[in-house]
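Below is one structure; the comments refer to it alone.
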Amino acid sequence: MPIRTTEPAPAAEVAAVHRGGDPAARARRTERAKNWARRAPLLPALVFLVIVTQLPFVATVVISFTRWNALAPENRGFAAFDNYRAVFTDPAMRASVGTTVLLTVTVVLVSLLLGLGLALLLDRGFRGRGIVRTLLITPFLVVPVASALLWKHALYNASYGLLNGSLTWIWRLFGSDDPPQPDWMTDSPLAAVEVSLIWQWTPFMMLILLAGLQSRATDAIEAARMDGASAFDIFRYLTLPHLRRYLELAALLGTVYVVQNFDAVFTITSGGLGTANLPYTIYQTFYQAHDYGRASAQGVVVVLCSLLVATFALRTVSSLLREEVTR
């Protein structure tokens, strides 16, 4: 029977083992160390973010499975999915869902159209464009509660508001002493909330679409003009397809924020006359009915729906970034 002999390892490999192992493994360890060195400064922020956002959400999920009403503390216990069944069968909750959808769609679409028109105007060069741009951005910088108070008292008030004052002035110009004095917040409560939100969110849409307009390829536009294309043709076949991603991004981000709006509904109408949206309904369940379990279930449902919309928004942002990188 032949005897197998093992060849001695080369001296270089033996020396590498004695110095600390395989060079490839050592390189991988070095790369991992560099990666951890880059990520280490972000760990405190990550821990803070988890504590501030994720732990309260986990607590909300846990409470949503409990029967907890402050008006009946002796009846507290595990409720399984009863709170979620109550959420989906509650008529007030279904009505608030419809109000939220109508409010969100109206505000986002009208703000998007107005923002597109303003962005097209600001994309042109004219004297004082910087001042006009700053003034148009201002409504978005106003605190939401202050904006709602401005519309409620300075504009909508039937006794001393600007809208009824303007109607009185116009009617007196034509010799009439009996001008119409509508009560805007009572006659059209949902429209009153929508107009205040449109005023606030139109600058946001304008900024996103203006950024998209200023990223267009000017050579293609100049070539189209040289070929005799009209301004409408350039907008239809060049500008609008280029703005598609920006329109989607503005609509998705606007939807995420408007769905969560509470300030305008609470300040202008206090949720009355059919204006209670989902955040205000959760507020009523928690602070007025003191039903913490059901309010938590409502909050979880709203957060999950918002996450679905936010996922589409993040995908749109990622596609925009990929397009910018490939240019």
Side-chain angles (χ1 to χ4, degrees), residues 49 51-104 107 142-153 156-157 185-186 188-197 200-201 255-310:
L49 184 65
I51 293 174
V52 172
T53 61
Q54 302 308 311
L55 291 183
F57 180 70
V58 172
T60 303
V61 173
V62 172
I63 295 173
S64 68
F65 289 100
T66 62
R67 186 173 55 255
W68 186 3
N69 193 314
L71 301 179
E74 70 283 351
N75 194 27
R76 182 176 173 181
F78 181 68
F81 291 95
D82 291 345
N83 289 325
Y84 289 95
R85 279 194 290 268
V87 167
F88 289 107
T89 57
D90 185 11
M93 189 68 179
R94 288 199 298 268
S96 67
V97 170
T99 302
T100 303
V101 171
L102 180 59
L103 178 68
T104 303
V107 171
V142 178
V143 178
V145 174
S147 172
L149 289 172
L150 172 69
W151 280 88
K152 180 178 182 178
H153 294 289
Y156 289 145
N157 191 277
M185 292 179 289
T186 302
S188 305
L190 188 60
V193 176
E194 290 170 350
V195 170
S196 68
L197 290 175
Q200 184 180 1
W201 284 98
T255 299
V256 170
Y257 287 112
V258 175
V259 163
Q260 302 173 6
N261 183 270
F262 173 81
D263 309 83
V265 175
F266 177 79
T267 305
I268 296 177
T269 62
S270 297
L273 302 175
T275 60
N277 59 350
L278 285 171
Y280 190 84
T281 302
I282 296 174
Y283 162 80
Q284 286 181 313
T285 305
F286 192 92
Y287 287 101
Q288 296 179 3
H290 300 284
D291 195 339
Y292 304 145
R294 184 177 298 186
S296 299
Q298 292 172 346
V300 170
V301 172
V302 173
V303 168
L304 292 178
C305 294
S306 299
L307 285 177
L308 291 176
V309 180

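- With a 4.5 Å cut-off on side-chain heavy atoms, Leu197 and Leu103 count as touching.
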For side-chain contact (heavy atoms from CB on, under 4.5 Å), just list the numbers for Met185 and Ile268, CA-CA rounded to whole Å, side-chain angles, deciding distance to a tenth of an Å, and then say yes or no. CA-CA 7 Å; Met185 292 179 289; Ile268 296 177; 3.9 Å; yes
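- Considering all non-hydrogen atoms of both residues, Val193 and Ala264 come closest at CG1-CB, 4.0 Å.
- Closest approach of Phe88 to Arg94, counting heavy atoms only: O-NH1, 3.6 Å.
- Among residues at least two apart or in separate chains, side-chain hydrogen bond (donor to acceptor under 3.5 Å, both in side chains) pairs with a member in residues 78-93 are Ser64-Tyr84, Asp82-Arg85.
- By the ring-ring contact (aromatic ring centres under 6.0 Å, His included) test, Phe286 is found to be paired with Tyr292, residues two or more places apart in sequence or in another chain being considered.
- Contact record, Thr275 with Gly272: OG1-O, 2.7 Å, taken as the closest heavy-atom pair.
- Judged by distance alone, with hydrogens and angles left aside, the side-chain atoms of Ser296 form no donor-acceptor pair with the main-chain N or O of Ile63 at under 3.5 Å.
- For the residue pair Thr281 and Gln298, no side-chain donor N or O sits within less than 3.5 Å of a side-chain acceptor on the partner.
- In plain terms, the two heavy atoms of Val195 and Tyr156 that are nearest each other are CB-OH, 3.4 Å.
- By the 6.0 Å contact criterion, CZ on Phe81 is open, its count of non-hydrogen atoms from other residues, nucleotides or ligands being 12 or less.
- Side-chain contact between Val107 and Gln200: absent, with no pair of heavy atoms (C-beta onward) separated by less than 4.5 Å.
- Closest non-hydrogen pair, Val87 versus Val301, comes out as CG1-CG2, 4.4 Å.
- Counting heavy atoms from C-beta outward, Val265 and Pro279 have side chains that stay 4.5 Å or more apart.
- From Ile282, atom CD1 reaches atom CE of Met93 across 5.5 Å, with rounding to the nearest 0.5 Å.
- Note that CZ of Arg67 is 4.5 Å distant from CG of Asn75, once rounded to the nearest 0.5 Å.
- Between Thr104 atom OG1 and Glu194 atom CD the span is 9.5 Å, to the nearest 0.5 Å.
- In this structure, the side chain of Tyr280 does not engage the main chain of Phe262 through any donor-acceptor pair within 3.5 Å.
- Asp263 meets the salt bridge (charged side-chain N to carboxylate O under 4.0 Å, His left out) test with no other residue; sequence neighbours excluded.
- Taking the six-membered ring for Trp and thresholds of 30 and 60 degrees, Phe65 and Phe78 have nearly parallel ring planes, at less than 30 degrees apart.
- In this structure the side chain of Thr99 reaches within 4.5 angstrom of the side chain of Leu190, judged on heavy atoms.
- Here the closest heavy-atom approach between residue Ser96 and residue Leu278 is recorded as OG-CD2, 3.5 Å.
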